[in-house]
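Report on the structure given below.
No hydrogens, no waters, no symmetry mates; every other heavy atom, side chains included, goes into these values. Positions are given from 1, in the same order as the sequence printed here.
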Amino acid sequence: MDPTARRRRNMLIATIAGGLILLVLIGVGVYGLIRGPQTNEPAEPPPTDGPTETSPALVPAEPEPVVALGGPEKFAGAVAEALFTWDTTSGYGPADYAQMLADVTADTEADAAASDVRSYLPTPEAWAQLRTHQTRQWLTVDTIEIPAAWDDAVVQATPGQIPDGAVAYTVTGTRHRTGYWGTDPVTTTHPVAFTVFLTCTPERGPAPAPADPITDTCLLLRLSQLDNPLR
């Protein structure tokens with residue numbers, strides 16, 4: 001066979017093989033979006049006996065505002081739930097869910113915090129793929145604690161280096177996803193850990209009675225990388 005023809009044939013075969021591999025990788029990638037990290041447990045259909053910790057009935061039909069009152073630990077929990085609670089069948093997109101957190105973000109950290117939040121949410125392209133699988137996600141929180149590393153940082157910080165009222169809470173919990181692969185319901189869980197940096201100040205208004213608790217208004221500062229929290 002002519003050497004030139006042989007090279008052309010080999011290049012054609014390599015191109016076809018590469019295309020097939022790419023299609024397989026794309027298929028695996030889309031499947032992974034709905035399945036999430038693999039476990040040894042078989043996928044089970046979503047529960048149908050009413051809301052539970054692992055029920056998609058806990059996922060609101062639309063993005064919900066984050067309550068900024070109630071103290072720093074409660075606010076950290078609200079931020080954590082807002083980061084992980086979404087429904088691709090709701091008619092809303094990632095930007096709508098991100099806006100709920102932008103509404104309670106400190107102005108001084110608005111751009112950086114917005115970038116942090118986006119890293120936790122699917123991209124618009126991924127969202128479109130997830131919507132074809134009717135994917136829903138939510139979080140069950142296990143612990144919310146001030147990490148020892150934050151206490152060390154406060155001790156070592158120079159005056160003015162840490163904003164007044166700032167505190168960090170490391171959250172651990174389980175991310176839940178449900179959806180469909182074809183007509184088969186799929187449920188996955190995955191442990192997560194991250195740190196919420198926030199600041200709280202006393203709510204301005206009439207002075208409370210001596211027996212009344214002081215209400216703090218809190219704002220989001222930053223988020224750690226997912227699964228790379230302060231410990």
Side-chain angles (χ1 to χ4, degrees), residues 21-39 43-48 51-67 76-105 109-141 171-196 220 222-229:
I21 292 172
L22 178 61
L23 288 174
V24 170
L25 290 175
I26 291 174
V28 171
V30 172
Y31 185 60
L33 286 173
I34 175 64
R35 287 300 305 272
Q38 296 298 301
T39 66
E44 298 178 356
T48 57
T52 68
E53 278 195 339
T54 56
S55 170
L58 291 178
V59 181
E62 60 185 26
E64 292 192 334
V66 179
V67 178
V79 168
E81 291 184 2
L83 279 171
F84 285 88
T85 303
W86 44 257
D87 182 353
T88 61
T89 69
S90 65
Y92 296 90
D96 300 303
Y97 288 93
Q99 186 60 48
M100 298 299 101
L101 289 157
D103 290 343
V104 291
T105 296
E109 299 290 344
D111 292 340
S115 178
D116 295 342
V117 170
R118 285 194 298 270
S119 71
Y120 280 73
L121 293 168
T123 64
E125 295 77 16
W127 188 272
Q129 292 288 352
L130 290 167
R131 188 167 55 239
T132 67
H133 300 289
Q134 303 177 45
T135 306
R136 295 177 176 182
Q137 179 176 283
W138 68 98
L139 178 73
T140 53
V141 174
V171 181
T172 66
T174 302
R175 186 201 74 183
H176 305 265
R177 278 191 182 182
T178 64
Y180 289 87
W181 183 250
T183 59
D184 297 326
V186 178
T187 299
T188 65
T189 60
H190 180 61
V192 295
F194 53 97
T195 300
V196 179
L220 175 64
R222 296 294 303 271
L223 299 165
S224 74
Q225 291 181 329
L226 181 60
D227 294 330
N228 188 27

Minimal non-hydrogen separation, Ala76 against Val196, with atom names: O-CG2, 4.3 Å
Nearest heavy atoms of Leu121 and Pro94, plus distance in Å: CD1-O, 3.6 Å
Over all atoms of both residues, closest heavy-atom pair of Val66 and Ala78: CG1-CB, 3.8 Å
Shortest non-hydrogen contact from Asp227 toward Pro229: C-CD, 3.3 Å
Side-chain donor/acceptor of Asp103 to backbone N/O of Met100, under 3.5 Å: no
Reported OG1-to-CZ distance for the pair Thr189 and Arg175, which is rounded to 0.5 angstrom: 9.0 Å
Residues in ring-ring contact (aromatic ring centres under 6.0 Å, His included) contact with Phe194, at least two apart in sequence or another chain: Phe84, Tyr120
Ser115 side chain to Ala112 backbone, donor-acceptor under 3.5 Å: no
Verdict with reasoning, Leu130 to Gln137, per side chain to side chain contact (heavy atoms under 4.5 Å, CB included): CA-CA 11 Å; Leu130 290 167; Gln137 179 176 283; over 6 Å; no
Any donor-acceptor pair under 3.5 Å from His176 side chain to Leu139 backbone: no
Residues that Arg131 engages under salt bridge (Lys or Arg N to Asp or Glu O under 4.0 Å), provided they are two or more places apart: none
Flag side-chain contact, heavy atom, 4.5 Å: Leu223 against Leu83: yes
Gln99, CD: over 12 other non-hydrogen atoms inside 6.0 angstrom: yes
Pairwise distance CD(Gln134) to CH2(Trp181) - rounded to 0.5 angstrom: 13.5 Å
Point-to-point distance, once rounded to the nearest 0.5 Å, from OG1 of Thr88 to CD of Gln129: 11.0 Å
Heavy-atom closest contact (Ser119 atom, Asp116 atom, distance): OG-O, 2.5 Å
Full working for side chain to side chain contact (heavy atoms under 4.5 Å, CB included) between Val186 and Thr178: CA-CA 6 Å; Val186 178; Thr178 64; over 6 Å; no
pair Thr135-Trp86: side-chain heavy atoms closer than 4.5 Å: yes
Short side-chain to backbone donor-acceptor contact, Trp138 and Asp87, under 3.5 Å: no
From Arg222 atom CZ to Thr105 atom OG1, the distance as rounded to the nearest 0.5 Å: 10.5 Å
